[in-house]
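Down below is the structure, laid out as structure tokens.
Heads up: numbering here begins at 1 and tracks the sequence. Whatever order the structure lists ligands and atoms in, that order sets their numbers, starting from 1.
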Amino acid sequence: MIRQFELVEKVRAYDPNVDEAMLNRAYVFSMKAHGAQMRASGDPYFSHPLEVAGILTEYKLDGETITTALLHDTVEDTVATAEQIEEMFGERVGKLVDGVTKLSKLELRSEANQQAENFRKLLLAMSDDIRVLLVKLADRLHNMRTIHYLKKPEKRRRIAAETMEIYAPLAGRLGMHDVKEELEDIAFRELNPDAHKSMLRRMEYLSADDETLIEQVIVELRETMAKFEIDARITGRRKKPYSIWRKMERDNIAFEQLMDIVGFRVIVQDVPSCYQALGVVHGRYRVVPGRFKDYISTPKRNGYQSIHTAVIGPAKHRIEIQIRSEEMDQVAEKGVAAHWSYKQGVGSADGRRYRWLQGLIEILENTNSPEEFLEHSKLEMFTDQVFCFTPKGDVIGLPRGGSPVDFAYAVHTDVGNTMVGAKVNQKVVPLRTVLRNGDQVEVLRSKTATPSASWENFVITGKARAAIRTFIRNQQRAEYERLGRAVAEKAFRDADHNFSEESLDHAIKALNLRSAEELYQELGRGELTGGRLLKIVFPGDRRWGPRDAIGAINRLLPGRLRRGGDDKSSVPVTGLKPGVAVHYGECCHPLPGDRIVGIMRKGRGVILHTIDCPNLEAYSDESERWVDVKWDVDPDHQSFYVGRVKAIVPNEPGSLSEVATMIASNLGNISNLNFTERSQDFFEMQIDIEVTDVKHLTNIIAALRATPIISKVERVMG
Ligand code: MN
């Protein structure tokens with residue numbers, strides 16, 4: 001176990017300005033807080049936070065991070081509170097400890113099928129400060145190093161699987177290669193002990209011969225570099241069983257020799273020396289084709305830089321060589337953490353905040369496909385999520401297949417409700433575009449915009465769907481109100497009463513409603529008929545029934561029963577030669593508001609059809625018979641046109657009169673009714689209704705649909 005002064009010394013070695021008092025306070029606080037708690041290994045629990053802090057000193061992380069490491073389990077596992085931590089160690093350490101504590105809670109809850117969700121939360125939780133994640137990774141690394149002490153095999157497996165699926169890839173994304181390798185290798189040992197053993201055996205078998213060979217190669221490379229006056233450090237590093245195994249598995253290749261188990265590195269001072277060293281190696285040894293890669297001129301997205309090559313090296317052995325500078329080597333091993341101490345500079349308080357989100361965006365932007373983001377880990381389980389960004393850089397997680405509309409509603413309901421368009425990665429796109437990982441989405445809005453019902457066809461999140469429905473329901477409510485008031489006024493007039501809103505007060509109370517608006521809505525939806533309303537308002541009047549209501553309303557309608565089709569002179573259509581006879585298609589019953597075409601029939605004039613009438617297909621080859629026509633209705637002299645609907649109602653008393661009442665109270669007039677099917681349970685019927693236009697019919701259909709007793713209603717169009 002590292003002792004107090006040793007830890008402080010380690011930090012001071014790379015950060016002379018570190019707040020030693022804070023480190024000391026954290027050391028003592030954590031030791032006391034964990035008290036007599038024990039690890040599964042039998043060590044005092046305090047050894048764990050101490051080791052985690054030790055791991056982070058290897059990354060030269062700042063005093064706040066090391067302090068956080070010491071304290072990282074105190075809030076979760078001891079009586080210490082977050083407030084206490086903040087009071088004693090300041091707001092920044094308080095926030096960091098809080099961040100790590102939150103992650104640990106996610107871990108406790110995680111079940112295999114929830115890990116996708118955890119992963120998302122993890123990323124989001126990280127978005128504040130990269131150092132939270134660094135502490136978490138060091139925590140996981142130490143827990144994996146001691147995982148063999150855990151007795152329950154299921155628990156070991158679960159932790160190992162989570163490490164393989166979440167933490168090792170995260171370490172990889174952050175460029176922390178050595179953490180990634182170690183996490184993977186221990187997890188591999190737990191998850192696939194047989195494969196791990198067999199890899200080890202094969203490596204042992206080879207290395208008996210090769211141990212001296214490795215030394216031989218290093219010596220020869222060193223001498224070669226010296227001869228060309230290149231200042232270089234040469235290492236030969238054994239690969240981990242897991243990385244060899246995965247390579248064999250992935251590339252479907254056999255275990256070769258040295259090349260597979262040892263990677264040689266030539267580490268030089270600067271970039272020009274890298275290329276000089278490369279020249280020397282390629283000049284001296286025969287190159288193995290197809291193995292050369294220059295990640296210095298084109299770094300990997302996690303910042304990794306190096307030259308990779310393979311040659312037939314000393315003693316005719318194929319060897320892999322990586323050439324890089326010292327700084328590149330640091331970044332390759334320590335990734336983000338190295339950037340952190342190199343570039344952010346230790347000591348400047350504000351410069352410390354790593355723009356984690358920005359980094360993530362860059363990683364994602366430089367990725368060729370969303371799948372590549374997940375490549376190393378076969379994280380198919382996460383492919384049901386996409387992460388997109390607001391222009392400000394906030395992460396919005398959506399289910400895969402989500403659209404800009406889902407995105408807008410995920411940001412805020414108001415954003416969705418006022419959306420008119422979207423830009424994805426600065427380009428305007430259709431709203432139904434499927435978003436991809438890393439897309440930056442800008443929602444275009446307008447104060448006067450409203451959601452469209454058609455969005456429901458492609459949104460996939462519950463939030464978007466619910467918001468769109470609510471909005472449309474409210475819109476319908478306003479429409480019902482308007483209709484309902486018209487019904488009330490007409491009912492009053494029909495009974496020779498003057499209409500006034502005050503005269504409704506009694507009815508509002510009697511019906512247990514709150515306002516005239518509510519009453520209108522009930523009327524508009526047909527839940528209350530004009531007749532019934534009159535009966536309540538004027539109890540002395542003669543009795544009203546649905547039949548009376550139909551009659552009364554039909555009597556009142558202006559120009560009622562004047563079917564447009566019967567009076568040829570009044571056909572409100574433009575685009576026809578004068579004197580041509582016009583008929584309305586009996587198949588599709590076109591109404592003003594429908595898009596229509598005319599078809600010339602010999603000796604019969606022109607027949608109007610809706611543009612989507614199936615019967616038009618018969619004329620598709622005879623374009624000379626098609627006539628362009630448009631409605632031209634005079635709003636002051638509305639006529640009535642027959643629209644046809646199909647309705648299914650239960651075969652029970654009252655259901656038919658309900659249909660009739662509903663149509664009448666919405667100012668429609670039933671001109672014909674046919675039963676198309678009668679079963680024991682249900683009637684299916686076709687109802688011809690005289691209406692002023694398509695909107696009128698739509699309102700009637702909506703009112704019928706809103707009536708609980710009616711099972712199905714739709715317009716018949718051919
Ligand atoms: Mn821990």
Whether F89 and F29 hold their rings parallel, tilted or perpendicular, with breakpoints at 30° and 60°: perpendicular
Note: R157-E154 ion pair, threshold 4.0 Å (strictly below): no
Metal environment of the Mn ion (ligand 1), protein N/O/S under 2.8 Å: H48 NE2, H72 NE2, D73 OD2, D139 OD1
Residue list, side-chain contact (heavy atoms from CB on, under 4.5 Å) with R265, at least two apart or on another chain: T235, R237, I267, Q322, R324, D329, E333
Residues forming a ring-ring contact (aromatic ring centres under 6.0 Å, His included) with H48, sequence neighbours excluded: Y45, H72, H142
4.5 Å side-chain heavy-atom contact, P404 and L435: yes
Selection residues 25-36 - residue pairs positive for side-chain hydrogen bond (donor to acceptor under 3.5 Å, both in side chains), sequence neighbours left out: H34-Q37
